Asker: 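Below you'll find the structure I mean.
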Amino acid sequence: MHRPTSGRPLVLALAAIAGLGTMCVELSAVRLLAPWFGASLVVWTNVIGVVLLALSCGYLLGARWSRSTRPLVALAWALALGALWTGCLPWLAPFLAAALLPSGLSLQAASALIGWGSLACSLVLFLPTALLLGTAVPLCTEVLERQGKLSGGAAGGRVLACSTLGSLVGTFATSHWLLPILGLRVTFLGASALLLLASLAAAWHARASLAGAAGAASALALGLLAGGPAPSRPQPPQGWTLLEAVESPYQSVRVLEEPTLGLRSLQVNEHLDSFQSVWAPEPGLLGEGFYYDGFALPLAWTMGADGQGTPASWRSLVVGLGAGTAWRVLEGVAPPTLELRGIGIELDPAVVELGQRWMDLSLEAGASNRVVVGDGRAVLCSLDSEPGFEQVILDAYANQTEIPAHLSSVEFLDLLRERLVVGGWLCANVGGFGLDDPVVLALGATMAHSFATPVLALRLPASRNLLLLVRREAPTPEPGSLLWRDCAPLLRGLLAKLEVPHAWRWIRAQDAPLLGDDRNPIQELERLSLQEAHQRWIEERRAP
Amino acid sequence: MSRALRVACCAVWLAALAWTQAVPARLALEGGDYAGALRELESEADLLEAARVRLEVYYLVRDFPSTLSAAQTLAALDPADPRPLGLGAAAALYQQDGAAALLWLQELEHRLGQLSLQPEARARWVSFAEQQRPVAELLVERQAAQQRALLTARIIVATASLLVLSLCALLVLRSS
């Protein structure tokens, strides 16, 4: 039997590199799929589940291969093949993902595909790499054990420790350095190159020329890939042109333009038929299908039909600013005498930069609006010294359908209420499929609980969005009432469409379970919302 | 007052009475008061007019499920009116339901062949059907692609699961 007598550090380094490569692939995998399937909890669960399954199989396979006469050669082969597959992933993923998520689908039509499609993609794309790298632990253990200086337990413990440390390095390096700075393609190619080096080292140490040749061939293939064309990305919808696309630390972001109307739209990840921000050449109402117009209702009611109630200033806080679309709508509605001031909180700095570049988001010194980059809740806690706001707009979404749990709890809504002046308005945008949508009801009931008054839910015309409205210690206008109709003329057309039955309802605290920091089923409700919408879509189909 | 004048006054009064009694819902609709129009419909005696106003209100406020239901009602009540078929198709398209939109458009085209309409009105509806048909067909194509993709994904998952399970079973059995 071939028995290498030295090289324990090398074997432990190989285990660490395999662990590092596994975590690098796992964490980059979701970003690779995100332009098609998003980066929702479902996608993360599928990717993590597949990697765990692959590792489990890899351990079994490695155990089987460890019986061979030269386990280090087997390891060299596993690393070489793993490296080759990893390097190909940025080019393979677009083909498979595009086949499993056809373009142009609406959110409810795509909902089933997001789960099944991302699972199928994960199985085809990431299972082979994780399985091959999983063989490293038993193979390295066997090599160490055969050197005769360590018991099986001692060898296994050391290999696992190094592998886990490698995974730890891979986790931090991928999230904080590789993906944000180098991008997806270089991250996968870098991981692949590292695995390849490990493979060549193993082959060299085992004096296995065939495995070494395989490693060299893999290196050549990767070199060709790296010098070849960039991996394909999803195409913009028909009639839209791509202005700019970036990979931010959080998501894939792109700005599109519709040349006829001059509209620009900022979209993230899978986008489907959704948008994060919409820009029109002139500030003001965006028109049907864009929920941002609803954010102008509180100001329009305050101004009144004759404009007599126009205040001297109006301070707004936007949690989930995006590229600042909400402010442009308010700017277009406010008369020149009204001083608008705002603070916007946005998690993703790349979105703010794109807003400045393409959507007239002005953040120069002396500008009336200020943007704070950070998490909505964390930043909110730092705004204690700010005077109260007349309006708080809650429009915080992760991906297309996910309201972050910590930004929908009663504790968070209590914080928002405290930031409002007496009579101030909280407007929350909720993606939903009707007034009885489980997400709408749950967030509405939680707002009603926090403000101790019913919340008005408005279904915005030709939109999948609903607006939840409530005031601090003041009544919200009832649709059709005198207070409701005493509104700036610009918004009357929208109000007329909102006051019909089926377009509004009151939500009370007891209408749905409360969302809290301790127990917050918002993600389960979002899944249920999509499921019910799809079912309703089928049931409501009517032909002549 | 001459008899002719009395008759004319009477006719005007009757017309005004008929106008105010029969069409307050439409008046409200045309004034942009959609909620008022729906309220007025509750006392509307003319079922056909009520169905027309209801359809227009629901379409204008973009309540598409209600638009489709109202379009079905009106299409049954007034087979000579192409409007419910057109609005039904438009509502189905808004709902991304290409198959239903195609059915509405087919029915519209069928009835256009039978109805005697003003040439401009006919041309308008023919043009509408011609413009919307490719959109509906594209949606049908997308729905089919979605179904195919779902089936493919499920087959991949089933096959991969089977392969992985077989591999695990083989490795466990051969090692024992």
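Keep in mind the model is a prediction, meaning the values are calculated, not measured. Throughout, protein chains are lettered first and strands after them, A, B, ... in sequence-line order, and every chain is numbered starting at 1. FYI, side chains are in, hydrogens and waters are out, and symmetry mates aren't considered; it's all heavy atoms of this structure.
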Asker: With sequence neighbours excluded, give me every ring pair (Phe, Tyr, Trp, His ring centres under 6.0 Å) pair touching residues 54-94 of chain B.
Answerer: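 Only F64(B)-Y94(B) qualify under ring pair (Phe, Tyr, Trp, His ring centres under 6.0 Å).
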Asker: Do you know which two heavy atoms are closest between L60(B) and K497(A), and how far apart they sit?
Answerer: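 Answer, listing the atom of L60(B) first, then K497(A): O-CE, 3.3 Å.
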Asker: If I measure from the heavy atoms of chain A, does L139(B) come under 4.5 Å with its side chain, its backbone, both, or neither?
Answerer: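 Neither; nothing under 4.5 Å.
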Asker: If I measure from the heavy atoms of chain B, does L53(A) come under 4.5 Å with its side chain, its backbone, both, or neither?
Answerer: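 It is the side chain, since no backbone atom gets that close.
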Asker: Using a 4.5 Å cut-off on heavy atoms from C-beta on, say whether the side chain of L131(A) contacts that of L167(B).
Answerer: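 In contact.
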Asker: Going by heavy atoms in the side chains, are E499(A) and Y34(B) under 4.5 Å from each other?
Answerer: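 In short, these two side chains do not touch, never coming nearer than 4.5 Å.
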Asker: What residues of residues 481-493 of chain A make heavy-atom contacts with chain B at a cutoff under 4.5 angstrom?
Answerer: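 Only R485(A) of residues 481-493 of chain A have a heavy atom under 4.5 Å from chain B.
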Asker: Does any heavy atom of chain B fall under 4.5 Å from the side chain of S103(A), the backbone, both, or neither of them?
Answerer: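 Contact with chain B is through the backbone of S103(A) alone.
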Asker: Side chain from CB out, backbone as N, CA, C, O: work out which of these in L127(A) comes under 4.5 Å of a heavy atom of chain B, or both, or neither.
Answerer: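 Only the side chain of L127(A) comes within 4.5 Å of chain B.
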Asker: Identify the heavy atoms of R62(B) and A462(A) that sit nearest to each other, and give their distance.
Answerer: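 Where R62(B) meets A462(A) most closely, the heavy atoms are CB-N, 3.4 Å.
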Asker: Does any backbone or side-chain atom of A112(A) lie under 4.5 Å from a heavy atom of chain B? Answer side chain, backbone, both or neither.
Answerer: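 When you check distances to chain B, atoms from both the backbone and side chain of A112(A) fall under 4.5 Å.
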Asker: Using non-hydrogen atoms and a 4.5 Å limit, figure out which bit of A145(B) sits close to chain A: side chain, backbone, both or neither.
Answerer: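 Both backbone and side chain of A145(B) come within 4.5 Å of chain A.
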Asker: Which heavy atom in A160(B) sits nearest to a heavy atom in L123(A), and how many Å separate them?
Answerer: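 Shortest heavy-atom contact: CB-CD1, 3.8 Å.
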Asker: Might you point out which heavy atoms bring L171(B) and C57(A) nearest each other, and give the distance in Å?
Answerer: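 Distance-wise, the nearest heavy atoms are CD1-O, 4.3 Å.
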Asker: To the nearest 0.5 Å, what is the distance between CZ (R459(A)) and CG (D63(B))?
Answerer: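 One finds 4.5 Å between CZ of R459(A) and CG of D63(B).
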Asker: Counting only non-hydrogen atoms closer than 4.5 Å, can you tell me which residues of residues 146-159 of chain B sit against chain A?
Answerer: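 Counting heavy atoms that sit under 4.5 Å from chain A, the residues of residues 146-159 of chain B involved are Q146(B), A149(B), L150(B), T152(B), A153(B), R154(B), I156(B), V157(B).
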Asker: Sequence neighbours excluded and cut-off under 3.5 Å, please list the side-chain donor-acceptor pairs for residues 110-128 of chain B, or say none.
Answerer:
unit_1: H110(B); atom_1: NE2; unit_2: Q114(B); atom_2: NE2; d: 3.4
unit_1: R111(B); atom_1: NE; unit_2: E107(B); atom_2: OE2; d: 3.0
unit_1: R111(B); atom_1: NH1; unit_2: A75(B); atom_2: O; d: 3.4
unit_1: R111(B); atom_1: NH1; unit_2: P79(B); atom_2: O; d: 3.3
unit_1: R111(B); atom_1: NH2; unit_2: E107(B); atom_2: OE2; d: 3.4
unit_1: R122(B); atom_1: NH1; unit_2: L112(B); atom_2: O; d: 2.3
unit_1: R122(B); atom_1: NH2; unit_2: L115(B); atom_2: O; d: 2.4

